[in-house]
Amino acid sequence: MSRRLVITADDLGRDEATDATITSLAADGLITATSLIVLSPHAAAALGPIRDLGLDPGLHATLSSEQGIAPWRPLSDAAGLAADQGKLSSDPRRALATATAQEVLTELDAQLTWMHDHGARPRVLDNHAGTLYGIHGRSFLTQTLRWCAFHALALRLPRHPGTLLAAEPHLAAAHRAAVELADQLAVPLPAAICTNRATAAQHGRYENLREHMIAQVRTLPQGTSELFLHPSSAPGERLRARRWEARLLRDPLWHEALAQEVDELVAGWHP
């Protein structure tokens with residue numbers, strides 16, 4: 001068995017600067033996948049160019065807003081989701097505090113329908129800010145897995161927890177149960193995932209982020225894993241790590257490490 005890697009740029013549709021960055025990376029063959037925030041007013045404009053480049057984005061299920069930009073509204077009439085004057089909370093810990101499981105699934109249906117109505121056929125589901133996974137409190141992972149099985153979607157849930165549970169050890173038992181359920185339901189999972197969870201201030205300098213990401217790639221197991229980043233050229237100190245992630249994807253030293261550690265770059269871990 002070989003080590004394959006999906007390189008995903010998340011948050012397509014977030015803002016025009018992010019969309020331009022992701023589209024440029026795709027055009028230069030530096031990513032193999034992306035995922036779309038359909039709630040954003042930029043989503044439709046971002047979708048066309050990326051599909052013209054041969055990428056059909058995954059669904060970046062979005063149940064919370066994000067600080068620093070205008071809050072998003074759900075596509076469904078789920079009152080439990082839109083508890084902040086009809087908008088999604090920017091605090092992931094509050095985002096699903098009053099939502100029912102049915103409201104969550106109804107919103108997922110609405111977001112998937114949006115993609116279908118716009119000509120996209122996603123094959124993967126992932127989740128903005130990890131609100132479905134129980135990282136911030138309530139978990140909807142069981143319902144999400146069954147929803148993915150019904151819609152024949154793969155899910156971003158690592159089979160091997162790796163650094164995920166190093167940061168979230170309280171999720172270990174839930175993770176094992178979710179992987180077992182995914183196998184029962186035949187929902188494809190990546191072997192492992194790697195990403196950047198630190199701010200630019202925490203890294204200190206770009207070179208430290210690069211070494212952090214290379215170290216993660218070196219520990220990948222056999223099979224198909226996913227690296228997901230949030231590359232952008234948007235200004236502001238809070239987004240400096242995103243600009244560094246965009247720089248990483250063009251860095252010759254990064255590509256040298258990929259060539260040494262990864263046998264093949266692929267578009268997905270789904271069949």
Checking His60 against Asp11 for the side-chain hydrogen bond (donor to acceptor under 3.5 Å, both in side chains) test, could you report, in this order, the C-alpha distance in whole Å, the side-chain angles of both residues, the deciding distance, and whether it holds? CA-CA 7 Å; His60 196 58; Asp11 286 3; 3.0 Å; yes
Would you find a donor on one side and an acceptor on the other, under 3.5 Å apart, between the side chain of [X] and the backbone of [Y]?
X	Y	value
Thr18	Ser232	no
Glu264	Arg4	no
Arg243	Ala234	yes
Asp10	His230	no
Arg156	Ile193	no
Ser24	Ala20	no
Ser90	Gln67	no
Gln216	Thr195	yes
Asp251	Leu253	yes
Glu103	Gly80	yes

Above 12 or not: heavy atoms from other molecules or residues under 6.0 Å from [atom1] of [X]?
X	atom1	value
Asp263	CG	yes
Glu16	CD	no
Arg238	CZ	yes
Arg93	CZ	no

Any heavy-atom pair between the side chains of [Y] and [X] that's under 4.5 Å?
X	Y	answer
Trp114	Leu59	no
Leu105	Phe140	no
Met213	Asn196	yes
Ile22	Pro231	yes
Leu47	Pro57	yes
Glu261	Leu220	no
Leu39	Leu75	yes
Arg247	Leu209	no

For the residue pair Tyr206 and Trp244, does the interplanar ring angle fall in the parallel (under 30°), tilted (30 to 60°) or perpendicular (over 60°) class?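 Tyr206 and Trp244: perpendicular rings.
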Mind telling me whether His151 and Trp147 have parallel, tilted or perpendicular rings, with 30° and 60° as the class edges?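 Tilted.
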Checking side chain to side chain contact (heavy atoms under 4.5 Å, CB included) between Leu12 and each of Leu55, Thr21, Leu36, which is the one that passes?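 Going through the options one by one, the only one that passes is Leu36.
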Is it true that Ile31 and Val217 fall in one hydrophobic cluster, defined by side-chain heavy atoms closer than 4.5 Å? yes
Heavy-atom closest pair (Val6 atom, Ala33 atom, distance to 0.1 Å) is CG1-CB, 3.9 Å
Measure the [atom1]-[atom2] distance between [X] and [Y] for me, rounded to the nearest 0.5 Å.
X	Y	atom1	atom2	result
Arg240	Thr199	CZ	OG1	8.0 Å
Cys194	Arg218	SG	CZ	12.5 Å
Leu141	Leu181	CG	CG	8.0 Å
Asp126	Thr144	CG	OG1	11.5 Å
Thr34	Arg51	OG1	CZ	13.0 Å
Arg176	Arg159	CZ	CZ	14.5 Å

Side-chain H-bond candidate by donor/acceptor type, Arg14 with Thr62, under 3.5 Å: no
Apply side-chain hydrogen bond (donor to acceptor under 3.5 Å, both in side chains) to the pair Thr131 and Asn127, showing each step before the final yes or no. CA-CA 7 Å; Thr131 48; Asn127 179 214; 3.2 Å; yes
Run the side-chain hydrogen bond (donor to acceptor under 3.5 Å, both in side chains) test on Glu180 and Gln184 for me, step by step, so that the C-alpha distance in whole Å, both residues' side-chain angles and the decisive distance to 0.1 Å come before the verdict. CA-CA 6 Å; Glu180 290 176 3; Gln184 293 170 17; 5.2 Å; no
Evaluate the salt bridge (Lys or Arg N to Asp or Glu O under 4.0 Å) criterion for residues Glu207 and Arg210: first the C-alpha distance (whole Å), next the side-chain angles of each, then the deciding distance (0.1 Å), finally the verdict. CA-CA 5 Å; Glu207 289 77 10; Arg210 181 179 62 199; 5.2 Å; no
Before we go on, tell me: are the rings of His128 and Trp72 under 6.0 Å apart, centre to centre?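 Aromatic pair counts; centres sit under 6.0 Å.
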